[in-house]
Amino acid sequence: MRNLRLIINREYLARVRNKTFIVMTFLSPLIFVGMILLIAYLSMLNSTEQKIIGIHDESGMFAAEFKDGEQVQYLDYSSKSLATARQEVLENEYFGLIHISKIESSFGKPEVEFFGKDTPGFGTVENIEKTISDKLTREQLIAKGIDVSEIDKARADVSVQIQNFAGEQSSKMSNYIKMFFGGAAGYLLMMFIIIYGNMVMRSVIEEKTNRIIEIIVSSVKPFQLLLGKVLGTSLAGLTQFSVWIILGTVLLFGISSFLGIDPTAARSPASAGIDNAMKPEINQLVIDILKLPYASLLSFFVIYFIGGYFLYSAIYAAIGAAVDSETDTQQFMFPIILPLILGIYVGFFSVVENPHGTVSTIFSIIPLTSPIVMLMRIPFGVPWWEIAISIALLIATNFAVLWLSAKIYRVGILMYGKKPSYKELYKWLKY
Amino acid sequence: MENLLVAENVYKRFGNFTALNNVSINIPKESIFGLLGPNGAGKTTFLRIINQITMPDEGEIYLDGRPLQPDDIAHIGYLPEERGLYKSMKVGEQALYLARLKGLSRAEAKERLNYWFKRLDIEAWWDKKIQELSKGMAQKVQFVITVLHRPKLLIFDEPFSGFDPVNANLIKDEILQLKKEGATILFSTHRMESVEELCEYIALIHKSNKLLDGRVSDIKKEYKSNTFEVGLHAQDEETLLRELEEKFQTGPARFKSIQDDLKISIKLKEKESSNDLLQYLLSRARVNHFVEVIPSVNDIFIKTVTQNA
């Protein structure tokens with residue numbers, strides 16, 4: 001135990017004192033916050049920009065339907081000829097010109113054209129089409145002698161209230177919130193595994209290339225060294241994460257209040273459409289967010305975080321021991337990255353669609369993907385026995401993989417000048 | 001004499017390859033023991049087994065009469081052939097770390113390191129990083145780390161490689177001093193002149209088998225062939241030579257002398273003694289040179305290895 005503590009201590013200090021590590025620790029939050037503020041700033045610019053669009057409506061039926069908004073202003077050119085209208089829009093550098101051809105009766109179909117320097121955005125085009133077709137539909141209904149005001153009155157809006165059998169209400173948005181929490185946790189775990197797993201691997205390779213490994217294993221058991229390395233590196237990782245979170249939060253709110261930029265504006269595309277009618281929905285959302293089972297979320301996050309990280313770090317360490325230099329690791333990298341990517345894909349495609357479907361369930365039990373997929377499923381509520389099986393399997397696999405890795409590690413660290421194949425690794429297991 | 005380390009019938013296989021085949025070696029207390037053998041003979045595997053880095057498939061190792069235990073690493077100092085230090089760590093810091101891994105307390109390790117650094121005149125390196133030192137300098141630090149915890153058994157694998165002659169001598173003197181203070185030293189090397197100079201006992205491993213072991217003087221006695229090199233001065237050297245060739249089994253001799261002598265090596269039969277030969281020669285000529293041929297360790301090494309090739 002004393003030696004393990006010494007090793008953890010050294011590994012931790014070696015990581016933390018590394019110049020790149022220090023730079024990344026303090027620079028990353030700056031870059032991250034800078035990006036968020038830039039996006040927020042740009043989307044603020046975007047929303048204050050006003051487009052001016054000219055309308056040339058030959059029948060005079062539609063021009064009045066285009067209402068000025070915050071971002072768009074319409075100018076009526078119907079009284080002028082199309083050629084003059086185009087000329088003027090071009091000279092004034094307006095955004096574009098809508099031309100609507102003449103129709104004989106309400107049942108005709110006008111030809112609609114848009115002239116502009118740039119291609120208009122998807123939303124703009126859709127808005128133009130909707131305005132014209134709505135007007136046309138109304139006109140046709142009136143022409144057929146139907147009272148349009150009756151139809152307006154009869155239009156009913158239905159909103160589904162989601163409740164579970166226990167009578168708890170939840171909002172439609174709450175699935176997205178759960179997805180957000182689960183996805184963030186799974187993604188964070190994957191990043192952690194890749195970044196710090198690589199660090200463990202590099203540190204194993206370093207000891208091999210420095211030829212210090214045999215001096216160390218004559219004092220401590222290789223397994224102790226392996227364990228100390230994984231633990232020390234993870235502590236360094238946690239330190240870095242904590243600094244990122246604290247520094248990031250302080251910077252984000254400090255700078256944004258200093259510059260007067262609202263960081264939440266970065267999320268505006270999603271929240272822009274929320275108006276008064278959605279207020280109850282938002283209240284429900286807040287209740288939902290508050291109602292998420294944070295205690296269990298956090299404890300499962302910790303369990304899967306540790307389990308997943310250990311599992312992969314042990315594999316990374318074994319790879320590091322098997323090779324002589326980092327360039328030789330390529331052939332072994334793919335099998336590690338594959339389950340991680342698979343976990344993320346299954347999470348974002350299958351879990352969103354159906355959190356309790358067969359695919360999601362299976363992948364949340366297979367140990368190599370379970371840390372990521374299960375973390376994504378947990379906010380949706382997972383039966384306790386599924387979690388129990390998944391965790392039990394993860395722990396069992398952890399022991400098995402640690403044992404196998406330790407064997408490869410023990411042989412590999414003393415092998416120089418060979419680029420091993422999988423077949424050779426298998427042979428090492430039997431030494 | 002009591003043995004510090006006893007290896008009994010040790011086997012080690014890696015897959016189909018046998019690295020050690022029934023090797024038994026006894027290392028007497030407070031001796032300097034040379035482990036010899038060509039590259040790939042299994043020496044390093046044997047040293048790793050003593051250090052419990054790898055486990056033997058069969059056989060037992062005893063240290064001080066008891067089977068080897070994990071705690072025994074505190075009594076062993078090992079300087080491996082493949083050795084190095086952390087490049088980016090400061091010399092003093094990593095010396096402290098490695099000493100503490102061997103079980104020393106921080107204060108104890110610091111005190112002993114100060115002593116050794118002063119003794120080898122390397123105090124100025126304490127705050128330097130290994131990458132700023134030369135290979136020989138780093139080797140000195142490694143030597144200090146190996147002996148710092150005052151182990152009963154010191155194992156050096158090619159200790160002099162990488163040292164210039166001055167520093168090699170310095171380290172040699174330190175090793176002799178450690179022996180005087182009661183340590184037992186196990187050497188693994190190809191450099192026969194250092195074996196000749198230092199070792200009292202040797203064992204020769206070749207192709208996973210131990211071919212030979214024991215006290216150097218005993219082995220030499222066993223390998224000597226009752227042959228003498230003589231330098232003679234006589235009136236008529238040609239007649240004398242013919243006479244000697246008829247009477248004894250002779251051969252060429254290679255010793256150097258400033259006299260323009262008749263040089264010849266004479267192999268005696270088992271019952272003949274050197275005195276008889278000398279008396280005979282004295283009656284025929286003036287004897288300038290009369291030396292028994294003692295095989296060098298190098299000769300024994302080459303002879304044994306080629307015989308078993």
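None of the values given here were measured: they were computed from a predicted structure. Order of the sequence lines sets the chain letters (A, B, ...), proteins ahead of strands, with each chain counted from 1.
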Salt-bridge contact B:Arg119-B:Glu174 (side-chain N to carboxylate O under 4.0 Å):
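Judged by the 4.0 Å cut-off on N to carboxylate O distance, B:Arg119 and B:Glu174 do form a salt bridge.
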Look at A:Glu214 together with B:Arg83 and state whether they make a salt bridge at an N to O cut-off of under 4.0 Å.
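The answer is no: the pair does not qualify as a salt bridge.
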Contact between A:Ile413 and A:Leu225 at the side-chain level, heavy atoms closer than 4.5 Å - yes or no?
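Side chain of A:Ile413 against side chain of A:Leu225, heavy atoms only: no contact under 4.5 Å found.
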Between chain A and each of B:Glu93, B:Lys87, B:Glu81, count heavy-atom pairs under 4.5 Å; write down the option with the most.
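The residue among B:Glu93, B:Lys87, B:Glu81 with the greatest pair count is B:Lys87.
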Select, from B:Thr44, B:Leu79, B:Ile73, the one with the greatest count of heavy-atom pairs under 4.5 Å involving chain A.
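Going by pairs under 4.5 Å, I would pick B:Ile73.
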Given heavy-atom pairs under 4.5 angstrom as the criterion, report whether the side chain, backbone, both or neither of A:Leu414 touches chain B.
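Both backbone and side chain.
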Salt bridge (charged side-chain N to carboxylate O under 4.0 Å, His left out): which pairs involve residues 223-240 of chain A, sequence neighbours left out?
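As it turns out, the salt bridge (charged side-chain N to carboxylate O under 4.0 Å, His left out) pairs with a partner in residues 223-240 of chain A, which skip direct neighbours, are A:Glu11-A:Lys229, A:Glu207-A:Lys229.
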Heavy-atom distance under 4.5 Å to chain A: side chain of B:Gln94, backbone, both or neither?
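Side chain of B:Gln94 only, per the 4.5 Å heavy-atom cut-off to chain A.
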